[in-house]
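I have placed the structure first, in the form of structure tokens, so that the comments after it can refer back to it.
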Amino acid sequence: MLKATLRSFLAHKGRLLLSALAIVLSVAFVAGSLIFSDTVTRTFDRLFASTAADVTVEPKNDLKSQLPTGATETVPASLADRLAKVDGVAATHVDASVENAPVVDSANKSVGPTTGAPTIVTNWELTERSPVKLTSGHEPHGGDEALLDADTADKKHLGIGDTLTVQAQPGSFRVRIVGIATFTTTNPGAALVFLDTPTAQTKLLGRPGLATSISVDAAKGVGDARLKQRVQAELGTGAYEVKTAEEQAKSSAESLGGFLDVIKYVMLGFAGIAVLVGIFLIVNTFSMLIAQRTRELGLLRALGADRRQVRRSVLTEALLLGLVGSTLGLAAGIGLAVGLIKLMTAFGMNLKSTEMVIGWGTPVAAYVVGVGVTYIAAYLPARRAAAVSPMAALSDAEVAGVGRPLRVRAVVGGVVGAAGAAALAGCAASTKTSTAASLLGLGVVLTLIATVIAGPLLVRPVIRVLGGAFPALFGPVGRMSQRNALRNPRRTGATAAALMVGLALVGGMSVASASMSKSFDQQIDKTLGADFVLQNANFVPFSHEVTEKVRATEGVGLVVRQRFTPVAVKLPDGKRVETTAAAYDPKLDDVAHITYARGDTAAALGEGRIAMDVKFADDHDVRVGSTIPVEFPAGRTTELTVGALTDQGGGGFGTQGGLVFGFGTIEKYVPGGQDSALYVNAAPGTSPEKLRPRLEKTLEPYPQVQVRDQADYKKLVHDQIAVLLYLVYALLGLAIVIAVLGVVNTLALSVVERTREIGLLRAIGLGRRQLRRMIRLESVVIAVFGAVLGLALGIVWGVCVQQVLALQGMKALAVPWTTIVAVVIGSAVVGIVAALLPALRASRMNVLAAIAHE
């Protein structure tokens with residue numbers, strides 16, 4: 001049996017390799033994502049471990065902001081001298097560093113990276129743990145000298161003698177590059193500008209005597225944990241956060257972890273799609289191979305092989321296929337990881353492929369995925385093979401199980417589909433976001449399973465409609481192509497299912513994204529009343545001098561500032577909620593249209609007042625007049641009275657609770673913050689069209705700040721949503737590649753299966769061109785059938801997603817019919833492409849040999 005199995009596997013290696021490609025793709029994405037993430041994690045672990053001080057003292061801040069505030073928390077620089085006297089301390093260093101100070105060159109072009117990595121301006125303090133070393137020029141001295149890292153200097157074509165402008169929170173200042181510093185470890189992609197310590201303290205932090213942290217070096221023989229205890233004993237508890245090198249490295253790694261997780265999960269998403277679509281392809285391939293080998297399997301049974309041996313033979317073929325696919329996929333995954341590492345290097349993160357990490361878990365995961373998926377996919381066909389009777393060897397029938405009833409599928413598919421429909425109906429009817437999202441996920445899974453199970457039941461009614469015009473358009477060839485697609489509903493359903501999965505995903509996301517775009521457009525039209533909004537390109541706050549220069553611009557009338565801060569509020573129901581609050585100038589009504597359930601803008605922004613979203617207030621038993629304890633950064637606390645409740649439709653001002661108060665409150669409790677946006681109206685007698693070029697000229701020295709009107713704001717939102725769509729389209733592309741392989745495989749096996757039939761058709765006068773057309777039409781109708789099922793399912797999912805979004809205020813529903821129609825047409829093209837090789841092969845058959853085929 002083993003010898004027969006191996007010969008069978010090698011006899012069908014061409015067909016099986018098409019199936020192996022699906023395994024190769026899925027394993028490649030799994031292995032590539034694991035290798036890449038392990039490599040980046042190991043590289044940065046080394047960086048953080050080698051650069052972190054033995055003990056670091058930082059400002060204590062338990063509140064994390066969803067949006068950047070621009071405020072820099074500091075500690076007294078005198079702590080360095082105080083801690084230097086602690087037993088076990090070898091040395092202390094003052095750190096004065098900010099990540100929110102844009103730097104531009106003499107042509108007002110940003111020096112910072114465009115990849116989202118920070119531009120760090122810090123003091124020059126060369127120690128054993130410094131990630132850079134001075135390679136040319138000299139150290140900075142005085143207020144007008146600076147060092148620049150070598151990578152940024154190369155990218156921006158800067159050198160010694162060039163001037164830079166640093167736009168710090170206290171104000172902008174110019175410096176001259178007097179030296180270049182080169183990274184001795186991995187460059188995380190950041191741009192680094194170094195100043196001398198007094199300049200950094202004065203011009204970055206506002207005055208001498210401040211630091212962003214204190215680095216403490218342990219004396220020889222003193223452990224980090226023991227030194228931390230001594231430092232904490234000296235400083236007391238509450239005011240400062242003290243971390244060991246290990247804790248600091250872990251904290252830095254966690255902040256990087258979110259970025260790595262995005263890449264990792266995206267790649268695993270590709271792997272998941274490849275696995276899911278590959279299962280359909282493998283099931284179909286093995287089912288057809290077994291159907292064609294009915295007589296062969298019957299002969300094995302007649303010669304004495306029992307059911308278990310036949311089943312084991314088929315599963316052994318599957319295991320061989322899985323091993324081959326996994327091995328090739330692992331190799332492809334290593335190549336994919338190398339490509340990603342080089343891509344990240346192009347973006348400024350200098351990783352080395354020679355230091356690539358391949359942990360033991362990567363090959364284990366690769367073979368578990370590849371072999372496991374193949375084994376599972378082949379199990380049902382193997383059971384079917386074991387059921388072949390020895391009498392089948394005496395029969396002329398090659399195709400087993402074609403005409404079996406679909407009653408079981410109808411019952412199971414109906415039950416699962418009803419459960420899925422009930423879950424989606426519950427999602428649409430739910431008034432709580434978390435419940436609706438859970439029901440949505442359950443409904444999507446169940447309806448997808450139900451459609452796959454019941455797909456063959458839909459083949460005959462749907463394809464009769466889709467191919468109804470074929471006889472009239474293409475005559476007997478069209479009629480035969482339609483009947484060929486109807487001949488085996490199970491096969492047609494399984495082949496179309498691979499394409500259906502990808503198109504269901506793209507259909508659902510297209511409806512969701514179109515609805516989001518339309519909702520944001522309506523919200524912008526409804527709420528934005530300013531002529532222009534001025535914001536940083538990355539929504540990072542900007543310095544006060546930007547606000548002052550905008551106010552001084554000719555033709556500018558009203559300017560309303562927006563500023564954010566993290567807060568924690570203790571609510572009447574006993575819950576403590578951490579969120580981000582927004583502060584505005586008093587004349588907010590002149591630049592925005594706010595709907596209030598209770599109160600007005602004056603009550604919301606008054607001294608000692610706070611406003612919040614009415615739904616959030618109802619959920620936590622808050623009423624107008626309620627007194628709410630509010631905690632600000634650095635441990636500052638106060639009590640604010642609820643003056644108004646807003647009703648902007650699910651989420652208030654874009655953050656949890658929609659908390660809003662006046663500028664006086666934020667300047668009192670969060671000093672040093674920066675403005676996140678300016679809402680600007682033209683002065684009387686000045687049109688917005690005339691004001692815009694003046695504002696753009698004012699902001700030339702600040703290239704990070706953008707001038708946007710309503711149309712620009714809508715485009716910004718659309719572009720952000722489009723990024724998500726591009727990912728979905730990439731997933732769709734992968735699904736289509738594998739689905740095409742499935743259609744090619746199915747048609748190729750179908751041609752072999754119908755060899756005698758094709759020979760007879762050729763003998764009675766069917767031309768080569770007509771034969772190719774028949775196979776192409778069969779492929780097209782199968783592909784369009786998959787597209788129709790997938791898009792119908794996807795539209796239902798998209799409508800339900802929109803119902804969940806409606807609970808967050810995005811109430812508009814939009815179905816992108818242009819995209820839907822384009823996808824259907826594209827599916828027909830996919831069908832034509834997939835049929836090219838099988839049709840060509842069929843047309844080249846020798847007529848007499850085909851008729852004599854057994």
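Everything numeric in this text was worked out from a predicted model, so none of it was measured.
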Does anything in residues 149-170 pair up under ring pair (Phe, Tyr, Trp, His ring centres under 6.0 Å), and if so which pairs, sequence neighbours excluded?
none
Ring pair (Phe, Tyr, Trp, His ring centres under 6.0 Å): pairs with one or both residues in residues 192-234, sequence neighbours excluded:
Trp124-Phe194
Could you list the donor-acceptor pairs under 3.5 angstrom formed between side-chain atoms of residues 207-214 and any protein atom two or more places apart in sequence or on another chain?
| residue | atom | partner | partner atom | Å |
| --- | --- | --- | --- | --- |
| Thr212 | OG1 | Asp95 | O | 3.0 |
| Thr212 | OG1 | Ser97 | N | 3.1 |
| Ser213 | OG | Asp95 | OD2 | 2.8 |

Residues two or more places apart in sequence or in another chain: which of them pass salt bridge (Lys or Arg N to Asp or Glu O under 4.0 Å) with [X]?
| X | value |
| --- | --- |
| Glu545 | none |
| Glu139 | none |
| Lys714 | Asp525 |
| Lys668 | none |

Could you check if a side-chain atom of Pro671 sits within less than 4.5 angstrom of a side-chain atom of Arg636, using non-hydrogen atoms only?
yes
Using atom types as modelled, flag every donor-acceptor pair under 3.5 Å from a side chain in residues 71-80 to any protein atom, sequence neighbours excluded.
none

Polar side chain donor-acceptor pair, Gln169 to His544, under 3.5 angstrom:
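Per modelled atom types, Gln169 and His544 side chains form a pair under 3.5 Å.
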Check side chain to side chain contact (heavy atoms under 4.5 Å, CB included) between [X] and all other residues, then give those that pass, not counting sequence neighbours.
| X | result |
| --- | --- |
| Ala91 | His93, Asp217 |
| Thr665 | Phe632, Leu640, Phe661, Tyr669 |
| Thr152 | Val111, Leu148, Asp149, Lys156, Ala191 |

For residues 222-235, tabulate all N or O donor-acceptor pairs below 3.5 Å that involve a side-chain atom, not counting sequence neighbours.
| residue | atom | partner | partner atom | Å |
| --- | --- | --- | --- | --- |
| Lys228 | NZ | Glu247 | OE1 | 3.0 |
| Lys228 | NZ | Glu247 | OE2 | 3.0 |
| Arg230 | NH1 | Asp87 | O | 3.0 |
| Glu234 | OE2 | Arg82 | NE | 2.9 |

